[in-house]
Amino acid sequence: QQQVKQSPQSLIVQKGGIPIINCAYENTAFDYFPWYQQFPGKGPALLIAIRPDVSEKKEGRFTISFNKSAKQFSLHIMDSQPGDSATYFCAAISAGGSNYKLTFGKGTLLTVNP
Amino acid sequence: DTGVSQDPRHKITKRGQNVTFRCDPISEHNRLYWYRQTLGQGPEFLTYFQNEAQLEKSRLLSDRFSAERPKGSFSTLEIQRTEQGDSAMYLCASSLSRGRSTDTQYFGPGTRLTVL
C-alpha cells in the first residue's frame, strides 16, 4: 500500500517556468510533510517542510501548498532554473509512535531547460 | 560539519557473498536511520537506532540483514548471502532527536550495491 502518492513521474519546463509537483496521502496520522531534493549520486536533502495546520509555506523560490481536507499537498518552484533539475520527493512523518520514519513518494524527475 | 558519510560509495558483489556498509552520522546526532532506494522509487525505511539501541525494523529487513550501532556512534549494515534483489542504493540518515516529528533527517550520499 503506497501511503504517499506523487505525480507527475517526470516534468520538463523551460527556465523561468513554474513546475508543480503534487502529492496525496492516506494516513491521517501524518503530521509533518517535508520535501527532499536529490541530485544524481547524492543523498536526498531537505528542501522545505510544512505542518498540516498551515495552508502555505514559502521559502525563497519554493512554496508548499497544503489542503488538509483533501489530504493533498504540492510543491511550486518559482522562476525555475536549470540548477533546479533534480528528483524531488515528497514525504510524510507520523505523529503516532516514536520512530519518525519518513514515508516517501516515488519521486518526480524535474528537468529545467535553459 | 562534515555531514553524514557512507563507505563504500559503490559495491559490486557476486550473489551469495556477504557485504557490509558503514555509516558515520553527524557528530552528536542520537538517531540514525537506514533506508533503501531502488531505481525510480523513493527511499524506503529499513531500521533506526536511538543511540545504540535498534528500536524498529521494517518487514523489508529480512533475516539476512543485520544492523548495529556500537556505542551509539557509527553504524554498520550487513547483508548476508546477497541476492540480485538486494541491488539498490542504501542510504543512511541521522538526526538530533528532540522527540518531535519535525526533527530534520540528514542523508548521506548512499552506498550503491550491485549484486551480479
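All heavy atoms count here, side chains included; hydrogens, waters and symmetry mates do not. The model shown is predicted, which means the values in this text are computed figures rather than measured ones. Just so it is clear: chains get the letters A, B, ... in the order the sequence lines come, proteins before strands, and each one is counted from 1.
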*Atom NZ of A/Lys57 and atom CD1 of A/Ile48: how far apart are they, to the nearest 0.5 Å?*
6.0 Å
*Just one of A/Phe66, A/Phe62, A/Phe73 clears the ring-ring contact (aromatic ring centres under 6.0 Å, His included) bar with A/Trp35, so which one?*
A/Phe73
_Under the criterion side-chain hydrogen bond (donor to acceptor under 3.5 Å, both in side chains), I'd like the reasoning laid out for A/Thr63 against A/Glu56: C-alpha separation, chi angles, the key distance, then a yes or no._
CA-CA 7 Å; A/Thr63 299; A/Glu56 184 175 282; 5.6 Å; no
_A/Phe104 and its ring-ring contact (aromatic ring centres under 6.0 Å, His included) partner, picked from A/Tyr25, A/Tyr36, A/Phe33_ = A/Tyr36
*Report the C-alpha distance between B/Glu56 and B/Tyr33 in whole Å, list the side-chain angles of each, state the deciding distance to 0.1 Å, and finish with yes or no for side-chain hydrogen bond (donor to acceptor under 3.5 Å, both in side chains).*
CA-CA 10 Å; B/Glu56 183 172 336; B/Tyr33 297 79; over 6 Å; no
*State, yes or no, whether a side-chain contact exists between A/Lys15 and A/Gln81 at a heavy-atom distance under 4.5 Å.*
yes
*B/Arg31 and B/Gln50: side-chain hydrogen bond (donor to acceptor under 3.5 Å, both in side chains), yes or no, with the steps?*
CA-CA 5 Å; B/Arg31 286 198 175 211; B/Gln50 172 88 20; 2.5 Å; yes
*Determine which residues belonging to residues 37-47 of chain A lie within contact range of chain B, meaning some heavy atom pair is under 4.5 Å apart, and list them by number or answer 'none'.*
A/Gln38, A/Gly41, A/Lys42, A/Gly43, A/Pro44, A/Leu46
*For chain A, which residues from residues 106-116 of chain B have at least one heavy atom closer than 4.5 Å to it?*
B/Phe107, B/Gly108, B/Pro109
_Portion of B/Gln6 that has a non-hydrogen atom of chain A nearer than 4.5 angstrom_ = neither
*Please check if atom CG in B/Leu60 has more than 12 non-hydrogen atoms from other residues, nucleotides or ligands closer than 6.0 Å.*
yes
*Parallel, tilted or perpendicular, as decided by the 30° and 60° cut-offs, for the rings of B/Tyr48 and B/Phe45*: tilted
*Would B/Thr47 and B/Gln54 satisfy side-chain hydrogen bond (donor to acceptor under 3.5 Å, both in side chains), going step by step from the backbone distance to the final call?*
CA-CA 7 Å; B/Thr47 188; B/Gln54 186 176 17; 2.8 Å; yes
